[in-house]
Every structure is written in C-alpha cells, then in structure tokens.
Amino acid sequence: MKRLFRTCLLASAMAAGLGLSGPALAADGPSNDDLLNDAKSTGDVLTYGMGLQAQRFSPLDKLNPDTVKGLVPVWSFSFGGEKQRGQESQPIIHDGTIYVTGSYSRLYAVDVKTGQKKWQYDHRLPEGIMPCCDVVNRGAALYKDKIYFATLDARLVALNKDTGKVVWSKKIEDYKAGYSATAAPLIVDGKVITGNSGGEFGIIGMVEARDAETGELVWQRPTIEGNMGTLNGKESTMTGVMNASWSGDLYKTGGGATWLGGTYDPETKTLFFGTGNPAPWNSHLRPGDNLYTSSTLAIDPANGDIKWHYQTTPHDGWDFDGVNELVSFDLKKDGQTIKAGAKADRNGFFYVLDRTNGKLLSASPFVTKITWAKEIDVKTGRPVYNDDNRPGTPVGAEKGNSVFAAPAFLGAKNWMPMAYSPATELFYVPANEWGMDIWNEPITYKKGAAYLGAGFTIKPLYDDYIGALRAIDPKTGKIVWEYKNPAPLWGGVLTTGGNLVFTGTPEGYLKAFDAKSGKEVWKFNTGSGVVGSPVTWEQDGEQYVAVVSGWGGAVPLWGGDVAKLVKDINQGGSLWVFKLPKA
C-alpha cells in the first residue's frame with residue numbers, strides 16, 4: 001500500500017511538470033520565520049517591501065557607485081496580450097522563481113535564470129468592475145506552498161505556488177458597490193492581511209485577516225468610526241465612538257479605504273495601515289474630524305483592535321489620502337534610540353512618529369509649496385489650517401468657490417513606496433511638485449456611483465520638473481539632496497548597502513543614484529514608463545536587480561494638465577532582470 005501511495009504521488013508530480021491536470025505536489029515555501037527575516041536575507045525577496053517593516057533596503061554591496069556601470073540586462077519577460085498598462089507591481093523571488101502580478105489581475109511565475117514562463121493565472125473579471133485609478137495590481141504575498149493576491153473585483157485568491165492552480169478564492173466585498181482591491185497582501189502569524197479600495201464610491205474602508213491555509217475570515221476592522229468589527233465570526237468592538245466625529249448616518253458611506261496595504265513591526269507586534277479620503281470629497285457635507293480617514297492605524301494582528309491612531313489630515317477637503325506606508329526604523333537622535341516610524345504623506349508633510357504610541361515627533365515639508373496648512377503643531381499633532389484654502393461651500397445647484405491648492409490631490413507622494421537606509425540613516429522619497437484648482441459641487445450618495453462632490457484640474461508648479469527624488473534626514477526633516485525629473489515620479493524606490501538608490505521614471509528609465517550625494521551613476525531605458533518597485537537579490541555569487549515596466553496608473557487618467565504633458569509616453573507590460581556579472 002505504501003509503495004502504491006508513493007507511486008501515485010510520483011505520477012501526480014510528473015503530470016504537474018508536464019502541465020497535465022490533476023493534483024500536484026508543492027515544495028515547501030517560506031515559513032513565518034523566513035518572512036520575518038526577509039530584510040536580512042539576500043538570496044531572495046519574500047515580502048512586499050523587502051521586509052515586513054518595508055524599509056526596501058538590501059545589505060548587498062557588490063553593486064556600488066563604481067561597479068554599477070557593469071550592470072547589464074539578462075532577460076525581459078512580456079506580460080503579453082493587449083493588457084499593457086499600469087504595471088505597478090513589485091516582484092517576489094524564491095527558489096529560482098520570480099512571482100509578479102500584472103494589470104487586470106494577472107499573476108505570473110517566471111524562471112529566474114531563463115525568463116521562461118512557468119505558469120500564468122488570469123483572474124476572470126466581471127464587466128462591472130469600477131477601479132478609480134487604473135487596472136493596477138501592486139504585488140503578491142508568498143507563504144509556504146501558496147501565493148496570494150487581491151483582484152479588481154474585490155477578491156483574495158490563493159494559488160499553489162508551483163502550479164498556479166486556485167486553492168481558494170474569497171470575496172472581500174461587493175464590486176458592484178464600488179469595492180476593488182489592488183494592494184499586495186501581508187502575511188503575519190499565518191494570517192493573510194489585506195484591505196480594500198473604492199473610497200471614491202462611498203464604501204467603508206476595512207482591514208481584514210484570513211487564515212492563510214483555508215481563507216476563512218479571522219477578523220475585520222472597519223476604518224470608519226461607528227462601524228462594528230468582527231472576530232471569529234462574531235461582532236467584536238466598534239471602531240471609535242458612534243457619531244463622535246461623523247454626524248447622522250454619514251459613517252455608513254464614509255470612505256477611508258486602505259488601498260495601499262500595510263506594514264508590520266515585529267518588535268512591537270503591530271500592523272500599520274494607512275486610511276484614505278473621507279467620502280464625499282466635499283467636506284462641507286460632513287462636519288468633524290471624520291475619524292479614522294486620512295490616518296495611520298496601529299492594529300493588533302491577533303484580533304484587529306486599534307492600538308492607536310494618528311490622523312494626518314482631519315476633516316480632509318483635498319483628497320489627501322493617508323494611505324502612504326509607515327516605515328519602522330530606529331531614530332538615533334540626541335544620544336537616544338527611539339522606536340520610530342516615518343510617513344511621507346500626500347498632504348506634503350514628512351511625519352516621524354513614536355511607533356509604540358503614535359506620538360508625533362516631527363513633521364516637516366518635503367515639497368516646496370503647501371497651501372492648505374501653515375504647519376503641523378507638534379504639541380497637538382494637528383495641522384494649523386489656512387482656512388481660506390479650503391474649497392468653498394456649494395450654494396444650491398451652483399458649485400462653491402474654487403481655490404488653488406498645493407499639493408494636488410494626487411499627492412506630494414502617492415502610492416509609490418519610499419526606502420530607508422540604515423547605512424546612511426536617510427529616507428529616499430519619490431515626490432511630485434504640482435497643485436490644483438479645486439471646487440466643491442452638490443452630491444448625494446448612490447450605491448456604485450462616484451461620490452466626490454468636487455471638481456479639479458491638476459497643474460505643474462514648475463516648468464522644468466514635476467518629479468523629485470529627495471533624500472530626507474528624519475532627525476531634522478531636512479532635504480539632503482534631490483534629483484529632479486521632468487515627468488512625475490510614480491515608481492517605488494530601492495536602496496542598498498552598496499550606497500545605491502534605484503528608482504524608475506515615466507520616460508522609461510531605471511536609474512541608480514549615489515545614496516550619499518544623489519549623483520546619477522547608471523540608467524537603462526526599458527521601453528515604457530517605469531511605475532513598479534525595483535528589488536535586488538544575490539544568486540550564484542552575482543547581484544541581480546529586477547523591475548516591472550509599463551506606464552499607467554492615476555496620472556494619465558486624473559492628471560489634468562499634467563496628463564497632457566505625458567500623453568505620448570508608450571504603455572507596456574514587461575519584467576526586466578539585470579545582473580552584475582562576475583569579474
């Protein structure tokens with residue numbers, strides 16, 4: 001009997017290798033400890049953010065400002081078909097395979113050495129999906145024998161990592177109500193943790209945790225005050241206090257989507273999730289701070305309870321989503337080491353918080369023009385508003401007074417992740433310099449319809465550049481160096497122990513800079529705008545770099561005058577892999 005059982009297993013494995021149907025054996029994948037150690041391991045990239053704290057730092061140093069000139073392309077893999085736009089993914093690398101998501105909710109497994117496709121999964125999307133900001137997907141999560149990703153019809157899918165076969169598929173929310181999902185999931189203690197998208201449709205933002213093996217829901221935490229959370233299938237605790245900062249029934253359509261995903265700090269055992277804009281954009285319809293929108297939430301991964309929150313833009317009237325990542329780091333200042341977290345917010349301020357309690361340590365501008373607030377009061381943690389820069393109240397059927405506000409609603413920094421180097425003790429932030437004419441309009445909620453109550457036109461602030469990669473000292477908030485780019489920067493950042501910073505540009509270049517001086521030391525044109533996040537790893541004694549290329553995202557859809565400036569950039573969809581060959 002044992003011999004027959006082994007023979008059946010062998011036959012199944014051979015059938016899987018030949019692409020035949022039937023059950024398949026899956027090799028062991030990364031464990032929970034492997035994921036926790038990802039920031040230190042150099043032979044793979046197991047998590048979104050290159051470590052759960054999302055510093056996007058690799059200690060590898062074979063590539064440096066002197067040797068990077070030898071970095072050459074190894075292969076390029078096309079995502080194929082006509083779906084060639086909005087490639088915002090970060091690759092995952094494990095055991096000779098690169099896992100990478102593509103637009104329109106696709107997932108690929110590719111051989112690291114050859115660039116040959118191992119398998120492809122195309123999620124079947126319904127006709128009625130309503131993504132606000134292009135058909136993007138930002139990445140997958142790998143754990144044991146499964147690879148997980150979220151889809152534009154608001155589902156979470158688990159696939160066998162070796163075959164691409166669906167293990168389970170779970171509905172996050174109703175896409176017909178405006179829900180979608182674009183963020184890379186997070187794996188913590190055997191749970192898959194993700195959020196939702198759709199804040200422009202009056203949905204309710206949510207963070208949820210599912211059992212990684214079965215997909216069953218463990219807990220949900222709504223991000224809008226007054227809504228009930230769940231734990232193990234039962235109601236748990238209310239988010240906030242009913243009607244404390246939302247009047248009437250507005251909390252039922254409050255927005256606050258967590259569309260960028262979260263980070264995790266194992267030292268404090270805390271999840272950090274940013275929350276998006278309140279709905280509608282017209283702030284005169286919803287008096288109060290509108291908790292917990294435009295905030296960072298510290299969440300207990302065991303039960304979904306909120307430990308603390310910090311709201312960057314109370315009573316947001318400019319669509320300054322607070323979803324941008326909180327990156328954990330050790331702040332060394334005045335002879336002390338503080339467990340800190342940093343966030344470059346869409347509203348234009350670079351925040352440093354005590355990540356154990358959410359106390360504000362500092363807030364400094366990282367763009368040249370901020371009109372909506374004079375400063376952030378460090379004692380209270382609240383902005384000091386410029387009241388005359390809030391869009392006016394509509395009168396009857398007429399729109400309210402228009403104002404010119406900076407940053408624009410696409411943000412001083414949008415979704416594209418920054419990086420932190422423990423070697424230089426600097427953050428590397430992809431920023432954009434633009435403003436907007438914005439006005440409020442009458443609006444009523446209708447399920448599945450856009451719920452804005454505002455109009456806008458984005459305009460560049462300067463003739464010679466929009467994007468700016470900036471090195472920021474978190475101890476002082478000062479900008480140490482900057483690189484200016486003609487088009488907006490819309491891709492993620494990587495930094496290394498070899499004193500390099502990598503990022504992409506809409507003009508198609510993957511570029512490398514000296515991490516200390518900002519000098520450009522290498523570039524390669526991929527043929528389409530780079531809006532993905534680069535990664536690096538070591539294999540067979542050689543250092544590799546990979547990035548996804550394919551112009552798209554929110555800028556060409558929502559960018560106003562800026563969209564006109566970049567209208568001739570070619571779309572695309574490909575994965576590029578480079579390496580520094582052995583001498």
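- Annotation: Y179 is not in aromatic contact with F201 [ring centroid separation under 6.0 Å not met].
- In this model, a donor atom of one side chain and an acceptor atom of the other lie less than 3.5 Å apart for T371 and N389.
- Inspection of the Y462 and T368 side chains reveals an N or O donor paired with an N or O acceptor under 3.5 Å.
- Just one residue in the list W434, W318, W281 forms a ring pair (Phe, Tyr, Trp, His ring centres under 6.0 Å) with F456, and that residue is W281.
- Below 30°, between 30° and 60°, or above 60°: for F350 and F366 the angle between ring planes is above 60°, a perpendicular geometry.
- With respect to D289 and R382, a salt bridge is recorded, a charged nitrogen being found less than 4.0 Å from a carboxylate O.
- Under the 4.0 Å criterion applied to side-chain N and carboxylate O atoms, K343 and D345 are assigned as salt-bridge partners.
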Take F513 and W522, measure what ring-ring contact (aromatic ring centres under 6.0 Å, His included) needs, and give me the verdict at the end. CA-CA 7 Å; F513 303 87; W522 179 85; over 10 Å; no
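- For the side-chain hydrogen bond (donor to acceptor under 3.5 Å, both in side chains) with S294, the lone residue among N347, D316, T313 that qualifies is D316.
- Between F272 and W308, the ring-plane angle classifies as tilted under the 30° and 60° cut-offs.
- K307 and T270 share a donor-acceptor pair across their side chains, judged by distance under 3.5 Å alone.
- Aromatic rings of Y428 and Y420 (six-membered ring for Trp) have centroids beyond the 6.0 Å cut-off, not under it.
- Of the charged side-chain nitrogens involved, at least one lies within less than 4.0 Å of a carboxylate oxygen, so that E482 and R470 count as a salt-bridged pair.
- Using a cut-off of 4.0 Å between Lys/Arg side-chain N and Asp/Glu carboxylate O, R346 and D319 are scored as salt-bridged.
- Using modelled atom types and a 3.5 Å distance limit, the side chains of Q87 and S549 yield no donor-acceptor pair.
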Checking Y451 against Y445 for the ring-ring contact (aromatic ring centres under 6.0 Å, His included) test, could you report, in this order, the C-alpha distance in whole Å, the side-chain angles of both residues, the deciding distance, and whether it holds? CA-CA 6 Å; Y451 190 42; Y445 173 75; 5.4 Å; yes
Would you give me the side-chain donor-acceptor pairs under 3.5 Å for residues 250-259, sequence neighbours excluded?
residue, atom, partner, partner atom, Å
T258, OG1, N196, N, 3.2
T258, OG1, M206, O, 3.0
W259, NE1, D321, OD2, 2.7

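- Side-chain contact annotation: E88 with W490, donor-acceptor N/O pair under 3.5 Å present.
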